[in-house]
Amino acid sequence: MSIDSKALAEGLISAVPFARTVGIEIADVTVDGDDVRAVATLPDEPRLHNHVAGPHAGALFALGETASGAVVMAAFGPHLAVGTPLAVRADIAYAKLARGAVRATATLGRPVQDVIDELAAGGRPEFPVAVEITREDGAVTTTMTVVWTLRPNN
């Protein structure tokens, strides 16, 4: 499936004003079969800092959740007429101090067709999106899993 990653990024940031407010940008979205990935970035700005001069935990969470949302839209955007994506829960672990600009890479954790089939059968499928947030030196500072659902529109 081919995706217009620029249009997807613009649409997502437009639809989620909070992401725009903190300066999150969708840098890349790729779809290669069931390998659906998105990369989002957060700038290094003092207004986003915590007490140790790195990005606040809330800003890191917003970055990861936004990257996961880009994956969801890339994978399931063509199915929005039948299901509305909603985040169900998230788990986040802060492993290293984040400093400077950070980057979140999100990856879909369930085959796209399995989710679509469950939705078509009248279910409310859940699927994980794994996220790694890294510093500019490549060190993983934060890991996160956001579990999403497609709520049937009927």
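Not measured: the values here are computed from a predicted model.
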Candidate pair Lys6 and Asp4, rule salt bridge (Lys or Arg N to Asp or Glu O under 4.0 Å), full reasoning: CA-CA 6 Å; Lys6 183 177 179 185; Asp4 182 343; over 6 Å; no

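In His56, the NE2 atom is not crowded: 12 or fewer heavy atoms of neighbouring residues, nucleotides or ligands sit closer than 6.0 Å. Atom CD of Glu118 has more than 12 heavy atoms from other residues, nucleotides or ligands within 6.0 Å. Residue Arg103 qualifies as open at atom CZ: its count of foreign heavy atoms under 6.0 Å is 12 or below.
The minimum heavy-atom distance between Arg20 and Ser14, with the atom names listed, is NH1-CA, 3.5 Å. Residues Pro85 and Met73 share a closest heavy-atom pair of CG-SD, 4.3 Å.
Applying the salt bridge (Lys or Arg N to Asp or Glu O under 4.0 Å) criterion to Glu132, with sequence neighbours excluded, gives no partner residue. Residues forming a salt bridge (Lys or Arg N to Asp or Glu O under 4.0 Å) with Glu126 (at least two apart in sequence, or on another chain): Arg89.
Residue pairs meeting the salt bridge (charged side-chain N to carboxylate O under 4.0 Å, His left out) criterion with at least one partner in residues 42-55, sequence neighbours excluded, are Glu45-Arg47.
Using modelled atom types, one finds a donor on one side chain and an acceptor on the other under 3.5 Å when comparing Arg37 with Thr107. Donor-acceptor pairing under 3.5 Å is recorded for the side chains of Thr84 and Asn153.
Separation of the Phe127 and Phe76 ring centroids falls under the 6.0 Å cut-off.
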